[in-house]
Each structure stands twice: as structure tokens, then as C-alpha cells.
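Letters A, B, ... are given to chains in the order of the sequence lines, protein chains preceding strands, and every chain is numbered from 1.
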Amino acid sequence: MTEIITCMPPHPHLNVGSSFFVLFCVCFAEEDSQADASSINVVLMGTLAKDFNQAVNQGDVVVASGFTVGKSPTVHKDKLHPCNLLMSGDNACIYVFRLPPPRDPTSPPAVKRGPAPSTEVSRPPKTQKYTYVGLGDLKTGSVVNVYGVVVFFKQPFKSRGTDFCSSLKITDQSNQKIGCTIFCDKLEDHPKIFKIGDIVRMHRVKTQFFNDSITLVNTFGFSVVTFDGAVGANVEPRTSSLSFHFDREDCRTVEELRSWAARQAVIPSVSTTPLSAVQPKAYFDLTCQLLAKAPIDTTCTLLRVWDGTRCPHTLLKVIVEPNVMVGPTSFSIDRENLIANILVYDNHVEFAQQLKPGDFLRIYNLRAIPGSSKVPGLTSSQSVEVDHLAFHLHGGTAFGRGIRVLPENSPDIQELKRTIKAFPEDDELNDSTLLEIWGTPPESLGDVTAESSTDSLRASERNCTHDIEPVTLSELKRSNLGRVHHVRAQLRSYKPHRLHQALKLYCSKCTSMQDIPDDELVAHLFLEASKESGPCSPPPWLLSGQIDAPRDNPGSLKQALTVHLSSQLVSENRTKELIFLMGSTLEETRQLVSGYQNIIPVRSSGGHLTLLDLSAPFLFRGRRKYYGCRRCSEPALRELCAEGVELIDETIIAKALGIQLLQYVLLMAFEVQDPTDTLEAFLWRDAKSFFGVSPEEVAASQEAQNCIHQTMDSLCPPGGSTGERPWLDLCLMASRTEDGGGQKQPCYQICHTAFTKPPSTHSDPEPA
DNA sequence: GTTTAGGCTTCG
């Protein structure tokens with residue numbers, strides 16, 4: 001009997017069309033002082049190799065029979081047993097046994113992937129049936145499995161002991177209401193209850209008698225799965241458990257409890273209140289999106305949220321230092337009117353620290369307090385308006401008070417997103433008014449283009465549909481903010497001059513912008529990661545192998561790099577599409593991009609395979625490198641489902657790895673002038689349409705970089721006089737932004753404008 | 001095979 005330590009696909013440089021497999025096994029039967037010889041290669045051919053690949057995971061125990069013993073041709077390279085086992089022919093047979101997961105030996109094996117039934121590859125049958133005790137039939141002093149509809153719950157809170165504690169009350173057809181207390185040190189092991197009416201299934205809870213009634217407390221081997229309680233909703237188990245049992249009968253139980261609960265009116269008709277329906281003095285639950293947050297003091301944190309509805313009452317304004325705000329410091333006036341400032345206190349502050357702008361939240365037992373109240377840390381003149389509604393999440397957990405992050409796919413969040421979608425995008429360089437104007441029908445399009453095309457001296461043209469007359473820069477500066485304007489101007493100067501300084505990485509989730517990490521730093525990260533590329537256990541869906549490292553020069557020694565491939569892709573002969581590469585330098589990784597469509601650098605960390613620090617690119621695709629947002633990503637090596645996916649690209653990979661993909665953006669400041677004034681305008685969102693190349697291309701291609709340089713040289717010839725500079729027809733968006741000191745100031749952004757061509761003749765100064 | 005909590009509004 002052998003245990004699999006590594007399962008390797010055909011050598012990626014070999015012909016992957018042939019169906020054979022190489023296994024590295026540990027033979028327990030051989031008691032042998034030579035460590036090298038305790039591992040032996042088993043070679044599988046044909047259908048056996050294919051079936052085996054589908055059935056096996058690392059750590060499985062296999063029994064092989066009907067093999068022939070041959071000389072291992074790779075003994076010098078892999079230093080394993082000098083012989084190998086050849087599994088071919090009719091007698092060859094290999095059995096796969098899955099060892100039960102060590103954490104929970106009583107639960108049935110995890111079934112993450114359907115086993116492939118085969119005469120040669122078989123598994124022991126898994127039979128475990130759970131029985132559930134009705135809540136009316138509980139007896140003291142027993143350990144049971146139960147189902148129930150949640151009628152009360154508290155989000156997990158820190159107990160005085162070592163664990164988090166969840167408190168809930170459940171009921172079922174017996175109408176008994178049973179209190180349950182769950183202690184677990186890990187938050188993810190707690191029930192994921194979002195609202196009253198959710199259905200929980202708990203395994204291994206013990207009954208206790210307390211205060212004249214039976215209560216349930218989790219005991220060894222406890223696990224819980226939660227379901228939405230709405231009749232007709234998908235029966236989708238909410239659990240972080242990798243291994244749980246779920247069959248048709250469970251599905252039926254959930255559906256029966258749902259319809260029973262609906263008939264009993266166990267679930268309140270209104271579970272959460274939109275901001276538009278909030279009543280002063282009332283307690284309510286709010287489903288919302290976090291836009292920004294700021295610590296106020298040690299006992300209080302401000303959460304700025306919205307749900308796309310407008311509260312009819314004047315809301316509390318809280319002034320905080322812009323430098324402590326996480327997320328945008330200001331919003332357009334339209335959006336500002338929809339934002340609720342929530343002050344969360346005491347025990348909720350710690351939880352609020354984990355929240356990220358963009359998160360979808362449910363805040364339980366929020367209080368709407370009318371009148372004025374003091375905000376800690378601020379003087380009364382700063383903090384409050386008279387006659388407003390303040391939202392407080394008081395300290396404590398009474399009445400289930402707390403905050404929960406809801407997954408984006410939950411039905412309530414889908415609905416919230418639809419409401420929010422009705423409002424225009426908004427960020428520090430954008431303005432909601434702009435989108436109203438974007439909605440203008442395009443009947444004026446002909447005029448605008450005709451006007452531009454008649455003038456051969458124009459180096460840019462507007463491609464917007466705004467029917468407005470151009471204004472001078474001095475007129476523009478006197479105009480209202482929050483609108484778009486058309487101007488004709490020349491480029492006086494621009495910054496930065498170095499393209500790599502203009503290229504940034506932008507996170508659309510938290511709206512942060514950062515510089516692209518320089519090569520030296522990235523190379524260092526690769527080097528550090530390669531030092532730790534010790535033994536590690538890759539997840540079972542990966543197959544491990546080795547490829548030759550690219551050589552620095554022809555004379556240097558050939559070195560091998562460890563790669564991991566998705567077993568699914570291997571089985572589909574798609575081995576060139578994605579590799580997880582370990583221990584390579586930045587330079588080696590770059591050289592390998594010609595051979596593999598997607599390269600994900602990985603490292604060994606504490607015996608596990610993980611991604612590199614997010615300061616390094618998480619993905620190499622040809623010349624393109626992709627980065628993830630450190631703030632918004634929750635990176636983890638997860639299986640990529642590529643079945644039916646024709647092109648594996650950065651979006652799919654980022655999603656699978658829990659990475660919030662950063663976009664390449666170009667950010668430039670143009671100083672433009674006309675005879676009346678000068679003005680600084682940013683080119684950012686519409687840089688792609690302006691230059692005709694995407695920032696992503698610019699980051700990866702010399703040609704695209706040259707294109708930008710040529711454009712800038714023709715708009716602003718080095719050493720040239722003002723008279724030689726072409727005129728630009730620009731569409732400018734004027735909005736308000738906040739500088740570092742909290743001062744509002746105008747911000748102009750170039751939009752809907754495309755560079756056309758350098759003018760061929762000398763131009764006369766243009767009348768405004 | 002040990003503890004924690006055992007709902008029940010609020011300092012702000």
C-alpha cells in the first residue's frame with residue numbers, strides 16, 4: 001500500500017497528447033534506511049491513467065497490482081527508487097482510498113468532485129445517515145442533530161472565555177422555541193444567519209436543562225449549515241465547511257420548514273427598513289453598502305452607508321479629518337444626500353475595523369435618534385446640526401445588535417444593487433450631473449463633429465453628445481461646478497513627463513490609486529518567495545511537476561522549476577493555458593510567458609501553497625502583468641473552474657483567487673490655455689479614448705508607449721513656441737473635490753475627447 | 001472532553 005505524495009502530469013514540455021501518468025509514492029511496506037529509495041515512481045498508461053487522474057487526490061492511499069517492475073530512467077534526476085512500477089496491460093489495477101479528513105472523523109468524506117466510476121479505480125462506499133430529532137422530542141443529556149427555523153439570533157460576539165458565542169432561538173413544527181448557544185473560536189464555524197426565518201441544521205449539539213427549559217449547546221464535532229427561509233428560494237447551504245452531508249431529504253426538510261414557517265407567520269413581513277422608511281426613535285435593521293468609514297475615537301466609529309433610498313428626515317452630518325477617512329472623503333451633492341452616517345459604539349468598533357468600503361452590510365437593531373447629540377472627540381459647533389436624525393448602533397448585543405457582511409449574491413443584496421444602480425457613478429474625479437448630461441439624446445452629434453472636422457488645425461475632437469457652445473477658460477472658471485463644458489485651448493504643459501509615473505493601478509472597489517510597484521521590489525519579492533519554496537502540500541486539484549528553468553546563458557546549468565497544473569486542465573490537454581509556478585525569479589517568470597498563457601507565481605508558506613504578496617503581480621499573461629488590491633482582495637488558492645471556459649483570462653483567474661483586480665490607468669495633468677486664462681485639467685478615465693490605446697497596453701508594449709510620446713510631442717513640441725501648438729477641442733467635466741486639508745476646490749477632467757492628428761501646417765493663434 | 005452564555009435596547 002502506498003500513499004501518494006506527488007501526482008505529476010506528463011512533463012509539460014513533453015507531448016501532452018499521450019495519456020500517461022507518473023506518480024511519486026511513499027511505500028510504507030519498505031522499511032529502509034535509505035530515504036531516497038522509500039519513494040518509487042509508478043507509471044500509468046492509457047485509460048487507467050485517465051480514470052486514475054479523475055479519482056485521485058494527494059494524500060490518498062492507493063493499492064497497485066498487476067504491474068511490472070522496470071528500471072527507473074529518472075533515478076539520477078529524481079533520486080527516487082532505482083526501479084519503477086509499470087502499470088499497463090489487462091492485469092494492471094489500482095485502487096484509490098480516501099482517508100477521512102483528520103478534523104472530523106465521523107463525517108462522511110468531502111465530495112467536491114464527482115468520482116469517476118471505473119472497474120479499475122474504485123472507492124470504498126460512503127454511507128452515513130443523519131437522524132434529526134424534532135424540537136418537541138428533545139431529552140436532557142443527549143447529543144442530537146436538529147433542524148429549526150431561526151426566530152431570534154445574535155451575531156457571534158466575543159465571550160469572556162476563549163471563543164466567540166452565537167446565541168439563537170429556533171423552532172419547528174412542534175412549536176417549541178429552543179434556545180441555542182454556540183461556542184467556536186473561529187467565526188466561520190458559526191451559523192451564517194442573516195435574518196429571522198433562516199433555517200439552520202446543526203449536527204452534534206447537546207441538550208441541557210436551564211431555567212426550566214431545554215437548551216442546545218454545541219459539542220465535539222459540531223457543525224452547522226444555514227439556509228434562506230424564503231419559500232421558493234434556492235436551497236443553498238451556507239457553510240464554510242469543506243465536508244458536509246446534504247441530500248434530497250435535507251432539501252425536503254428545508255422546504256417543509258419553509259412552508260410551515262410561512263403559514264405560522266414566524267417570519268416578520270418586513271425584515272429590514274430602507275432609509276426612506278426610517279421612523280425617528282425606532283429600532284430597525286438596515287441593509288446597505290458601506291461607502292466610507294472613519295474612526296472617531298476608541299469607542300466610536302463612523303460608517304458612511306447608503307441603500308439608494310432617501311431618508312425624508314435631515315440626517316446627521318459628522319465632520320472628520322479627511323486623512324482618517326477610509327474610502328472617498330467626499331461625494332457629489334446628490335449622493336451626499338443619500339448617505340447615512342452611522343455611529344457604532346463599543347464592541348462594534350472592533351468589527352467595524354474589518355469592514356471595507358464597498359462591503360454590503362446588514363446592521364441589526366440600529367437606532368434612529370432625533371434631535372442633537374454630541375459626537376465624541378468633536379466640539380459641539382463642529383459636530384451637529386440641530387433637528388437631524390442620528391443613527392446609532394449602541395454598545396452591547398441586546399436584541400441581536402450587530403453588523404454582518406452579506407455576500408454579494410444574497411437576494412437582498414441583489415435587490416439593493418438594483419436600487420443603487422439607478423444612481424450614477426461617483427468618485428472624487430467624477431460628478432453625478434455628468435451622467436444626466438450623458439443622457440442627452442445624440443441629435444446634436446452631427447453639428448459637433450462637423451464643426452471639428454472643418455478645422456484642419458485641430459488636434460483633438462470631442463466625441464460627446466452635449467449640445468453646448470464652447471466657452472473661454474475664464475468663463476469656465478466662473479461657471480457652476482457639476483457640469484460639462486466645451487473649450488478650445490492649447491496645451492501649455494503637462495505632467496508627469498515620464499510615462500511610468502503617469503501609469504497607475506486603480507481599484508474600482510475602494511477607488512484607491514497606487515503606483516505600479518517597481519521591478520526591483522517585485523524581483524525581491526520573487527527572490528524571497530523562492531527561498532521558502534520548501535516542501536509543501538498543494539491542494540488536491542493540482543498536479544505537480546517540473547519544468548526546465550530558462551537558462552541565463554547556454555553554458556549555465558540546467559535547473560528545474562516546480563510547477564503545478566490544474567488536474568482538470570491536464571485532463572483536457574490544456575496544459576499550456578495555466579500554470580502555478582514556484583521558486584522562479586522575476587526574470588525566469590518573464591521568459592516563461594511565451595510558453596504558457598497564464599502564469600500564477602506561487603510559494604510555499606508553512607507547508608502550504610500560497611500566492612505571493614500582492615505587491616507582486618499575481619498573474620503574468622504574455623507581456624501583461626496583473627495586480628490585485630491589497631485592501632479589497634481576499635486571496636486564496638482556489639480551484640479554477642475552467643470547464644466550458646474557452647479563454648482563461650485575468651478576470652476569471654482573479655475571481656477564482658479572490659482577488660480584486662486592479663486596473664491600469666493613465667493619470668496626467670494638462671495645463672491648458674487660451675487667450676483668457678489657464679487651467680489644469682486631468683486626463684484619467686477617458687485617457688484610452690484620448691490616446692487611442694489602453695493604459696493596459698501602455699504598461700506592456702513599447703509601441704503603445706511610443707504612441708503616447710508622439711501624441712504628447714505633437715501637442716506640446718519640446719522647445720516649441722506656443723504658436724506652434726495645435727488647438728484642442730475639449731470636453732471638460734467640472735466637479736468639486738476635496739484637497740488634503742478638507743478644502744473644497746474645483747476639479748476639471750477631460751472626457752469624451754480623442755486626439756486626432758498633428759496639424760500639418762503652422763497655425764495662427766486661434767480666436768476663442 | 002474546560003470555559004464562555006443563558007436574548008430582552010440607550011453613556012454616546
| request: Compare the ring of A:F210 with the six-membered ring in the base of B:dG6 and state whether they stack (centres under 5.5 Å, planes under 30°). | output: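 Yes; by the centre-distance and plane-angle rule, A:F210 counts as stacking on B:dG6.
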
| Ring of A:F399 versus six-membered ring of B:dC8: centres under 5.5 Å and planes under 30°? |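 Not stacked: fails the 5.5 Å / 30° test.
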
| task | Compute the centroid of each ring, for A:F153 and then for A:Y364, and state whether the two points are separated by less than 6.0 Å. | result | yes

| query | Looking at the rings of A:H392 and A:Y283, which for Trp means the six-membered one, are their centres under 6.0 Å apart? | reply |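 No.
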
[X] [atom1] - [N] [atom2] separation (whole Å):
X      : N      : atom1 : atom2 : result
A:K177 : B:dG7  : NZ    : P     : 16 Å
A:N347 : B:dT9  : CG    : P     : 16 Å
A:D163 : B:dT3  : CG    : C1'   : 8 Å
A:H394 : B:dG7  : NE2   : P     : 22 Å
A:R367 : B:dT9  : CZ    : P     : 12 Å
A:N211 : B:dC8  : CG    : C1'   : 13 Å
A:D285 : B:dT9  : CG    : C1'   : 12 Å
A:I369 : B:dC11 : CD1   : P     : 10 Å

| field | Donor + acceptor pair across side chains of A:T272, A:T287 (<3.5 Å) | value |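 Checked: A:T272/A:T287 side chains pair up, N/O donor to acceptor below 3.5 Å.
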
| message | Angle between ring planes, A:Y130 versus A:H203, binned at 30° and 60°: parallel, tilted or perpendicular? | response | parallel

Please determine, for the side chain of [X], which listed nucleotide ([options]) has the closest atom?
X      : options              : result
A:F152 : B:dG6, B:dG7, B:dT10 : B:dG7
A:K154 : B:dA5, B:dG6, B:dG12 : B:dG6
A:Y283 : B:dT4, B:dG6, B:dT10 : B:dT10
A:T299 : B:dG12, B:dT9, B:dA5 : B:dG12
A:D346 : B:dA5, B:dC11, B:dC8 : B:dC11

| task | Please confirm whether any donor atom in the side chain of A:R401 sits under 3.5 Å from an acceptor in the base of B:dT9, or the reverse. | result |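 Side chain to base: pair present.
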
| query | Contact class for A:K158 (heavy atom, under 4.0 Å): base, sugar-phosphate, or nothing? | reply |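 Result for A:K158 = nothing.
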
| query | Looking for any heavy atom pair under 4.0 Å, which part of the strands does A:G396 touch: base, sugar-phosphate only, or nothing? | reply | nothing

| said: With a 4.0 Å cutoff (strictly under), does any side-chain N or O of A:R160 reach OP1 or OP2 of B:dA5? | reply: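 Yes, A:R160 has a side-chain N/O under 4.0 Å of OP1/OP2 on B:dA5.
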
| said: Salt bridge or not between A:D285 and A:K195? Use side-chain N to carboxylate O under 4.0 Å. | reply: no

| query | Mind checking the P distance from B:dG6 to B:dT10? Whole angstroms is fine. | reply |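 Result for the P pair: 14 Å, nearest Å.
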
| query | Taking for each residue the nucleotide of DNA chain B with the nearest heavy atom, is it A:V217 or A:F220 whose nucleotide lies nearer the 5' end? | reply |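 The residue whose closest nucleotide sits nearer the 5' end is A:F220.
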
| note | Result for 5'-nearest mapping on DNA chain B, choosing between A:S167 and A:F183, is A:F183

| A:R238 to A:F194 six-membered ring, cation-pi geometry met (6.0 Å, 45°) | yes

